[in-house]
Trainee: 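Can you keep this structure in mind? I'll have questions shortly.
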2 protein chains.
Amino acid sequence: MRAATPESRRSSPAAVSSAEQLIRATGARVTQGRILVLEVLQAAGRAMTHHEIEAAVAGPLDRVTVYRVLDWLTREQIAHKIPGDDRVWRFTIAGQKQAHHHAHFQCTDCSQVICLDDVPTTLRPRLPAGYRSAGVEVTVKGQCKSCVRPAPRRARR
Amino acid sequence: MRAATPESRRSSPAAVSSAEQLIRATGARVTQGRILVLEVLQAAGRAMTHHEIEAAVAGPLDRVTVYRVLDWLTREQIAHKIPGDDRVWRFTIAGQKQAHHHAHFQCTDCSQVICLDDVPTTLRPRLPAGYRSAGVEVTVKGQCKSCVRPAPRRARR
DNA sequence: CTTCTGATGCAATCAAGTTGCGTCTGTTCG
DNA sequence: CGAACAGACGCAACTTGATTGCATCAGAAG
């Protein structure tokens, strides 16, 4: 799975991930923080909060750095920033099919967010005169797999 | 438009509003704070932040009281709590047609939110196995009337 | 009018997120 | 390879929307 990069300067055996390539492609600096955070996001199949990401990152990365990396990833369109019902941002890797329209699912019990890729958000709502639409966000509310049957996991707050 | 209430104990000429009736119907106490906040929400045709509501209320109501009234209104299903892109809650009166499905519009410039009542949110997205849907929220992103043409009003923050 | 429950006001507190600044480190260039 | 520079990082302080504890006040019932 080795990529075209000439040599791995890092000792980690799983080095030169697609994360690193993705970051390098932007032309910006390829730093440890960016690689680690992006790898975490890629590994997770769901939207993660800043807290979760910070905890999941291997090396100890500063709170603020994680915020800044996430902000940068969002600006670079690599990640996607989602407002939740608990006033906490969540982030996911922005896949290509999620370019303009795609839907999210948010659990009303544990606030977890996942992406729903196969939702045809073809509806074109009628806006009041003078308003301009730039896209539609669809969020399905309900209970996730983990909360629908067992005792609901309450949101961490 | 006078209601069945025997006597208005308040000096305000426009007394015994539908707000007061609505609150009385819940069986809970009819207090000044609740009336004032609900009247503000009813008068506004859009979603308001806590700040806006506090400013719009006539008598000086404590910050915390406004929070608590809004919380109560939301629990009572009279109001509707909307998470925005600026980490600020917004509230609207929950009309009957907005019972389960209805859409919001949020301006990407000034963060203002309005309700779109006539959006047929008939889409029924396919969820992963084990997930249970409890409703769909549709949010249209774009520019509002005030921000589409003149210099954009930046969000208050 | 009295009583009682629950709403209110005030102050303190919380937590997610942001900012300023000095230091460190990728990257480039010689 | 080593120096130089811009940009990223770490730390601490700060901002702000929202929440909580507690003493007091005020609807509603009797």
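Throughout, a chain's letter reflects where its sequence line sits, starting with A, and its residues are numbered from 1.
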Trainee: Would you compute the distance between atom OG1 of T26(A) and atom CG of L73(A) and round it to the nearest 0.5 angstrom?
Mentor: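 Here the interatomic distance stands at 9.0 Å.
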
Trainee: Just the rounded figure in Å: distance from P of dG17(C) to CG of D86(B).
Mentor: 13 Å

Trainee: Quick one: closest heavy-atom pair of S133(A) and V140(B), and the distance?
Mentor: OG-CG1, 3.6 Å

Trainee: Taking side chain as C-beta onward, heavy atoms only, is V69(A) less than 4.5 Å from T31(A)?
Mentor: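 The answer is no; the side chains never approach within 4.5 Å.
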
Trainee: Rounded to whole angstrom units, what separation is found between the CZ atom of R87(A) and the C1' atom of dA15(C)?
Mentor: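 Result: 8 Å.
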
Trainee: Run the numbers on K81(A) and D85(B) for salt bridge (Lys or Arg N to Asp or Glu O under 4.0 Å), then give the verdict.
Mentor: CA-CA 9 Å; K81(A) 196 176 183 178; D85(B) 274 359; over 6 Å; no

Trainee: If you look at every heavy atom in R34(A) and A28(A), which pair is closest and at what distance?
Mentor: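 So the two residues come closest at NH1-CB, 3.5 Å.
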
Trainee: Using a heavy-atom distance cut-off of less than 4.0 Å, which residues of residues 58-65 of chain A contact DNA chain C?
Mentor: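 Residues of residues 58-65 of chain A that come under 4.0 Å of DNA chain C are, in numerical order, R63(A), V64(A).
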
Trainee: Mind calculating the distance between CG (L36(B)) and C1' (dT8(C)) to the nearest angstrom?
Mentor: 13 Å

Trainee: Between H51(A) (NE2) and dC14(C) (C1'), how many Å, whole number?
Mentor: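 To the nearest whole Å, that distance equals 11 Å.
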
Trainee: Taking only N/O atoms, report every protein-nucleotides 5-7 of chain D pair under 3.5 Å with atom names and distance.
Mentor:
from: dA6(D); atom 1: N3; to: R29(A); atom 2: NH2; distance (Å): 2.4
from: dG7(D); atom 1: O4'; to: R29(A); atom 2: NH2; distance (Å): 3.2
from: dG7(D); atom 1: N3; to: R29(A); atom 2: NH1; distance (Å): 3.1

Trainee: Taking atom P of dT25(C) as reference, at what distance in whole Å does atom CD1 of I23(A) sit?
Mentor: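 Whole-Å distance recorded here is 18 Å.
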
Trainee: Record whether the side chain of R68(A) comes under 3.5 Å of the base of dG10(D) through a donor-acceptor pair of N or O atoms.
Mentor: yes

Trainee: So what does W89(B) touch, heavy atoms closer than 4.0 Å: a base, only the sugar-phosphate, or nothing?
Mentor: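 Touches sugar-phosphate only.
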
Trainee: Kindly give the heavy-atom pair with the smallest separation between R132(B) and L127(B), and that separation in Å.
Mentor: C-CD1, 4.0 Å

Trainee: Taking OP1 and OP2 of dT19(D), is either one under 4.0 Å from a side-chain nitrogen or oxygen of Y67(B)?
Mentor: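 So the side chain of Y67(B) is outside the cut-off, no N or O lying under 4.0 Å from OP1 or OP2 of dT19(D).
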
Trainee: Between Q32(A) (CD) and dT27(C) (C1'), how many Å, whole number?
Mentor: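 The answer, rounded to whole Å, is 15 Å.
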
Trainee: Start with the C-alpha gap between Y67(B) and H50(B), add the side-chain angles, then the distance that decides, and say whether ring-ring contact (aromatic ring centres under 6.0 Å, His included) holds.
Mentor: CA-CA 7 Å; Y67(B) 275 118; H50(B) 168 266; 3.6 Å; yes

Trainee: With a cut-off of less than 4.0 Å, is there a side-chain N or O of H50(A) near OP1 or OP2 of dA16(C)?
Mentor: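 No, H50(A) has no side-chain N/O under 4.0 Å of OP1/OP2 on dA16(C).
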
Trainee: Please report the end-to-end axis angle for the helix from dC1(C)-dG30(D) to dG30(C)-dC1(D), five pairs per end, rounded to 10 degrees.
Mentor: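 It works out to 30° between the end axes.
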
Trainee: Any donor-acceptor pair under 3.5 Å linking the side-chain atoms of T108(B) with those of Q143(B)?
Mentor: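 Checked: Q143(B)/T108(B) side chains show no N/O donor-acceptor pair below 3.5 Å.
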
Trainee: Quick check on dC9(D): is either OP1 or OP2 less than 4.0 Å from any side-chain nitrogen or oxygen of T31(A)?
Mentor: yes

Trainee: Just wondering, do H104(B) and I82(B) contact through their side chains at under 4.5 Å, heavy atoms?
Mentor: yes

Trainee: Within this structure, what is the CG-to-P distance between L70(B) and dA18(D), rounded to whole angstrom?
Mentor: 9 Å

Trainee: In terms of relative ring orientation, are Y131(A) and F105(B) parallel, tilted or perpendicular, with 30° and 60° separating the classes?
Mentor: perpendicular

Trainee: Can you see which heavy atom on G84(B) is nearest to which on P83(A), and at what distance?
Mentor: O-CB, 3.7 Å

Trainee: For the backbone of K141(B) and the side chain of Q106(B), can you confirm whether one donor and one acceptor N or O come within less than 3.5 Å of each other?
Mentor: no

Trainee: Rounded to whole angstrom units, what separation is found between the CD atom of E52(B) and the P atom of dT16(D)?
Mentor: 17 Å

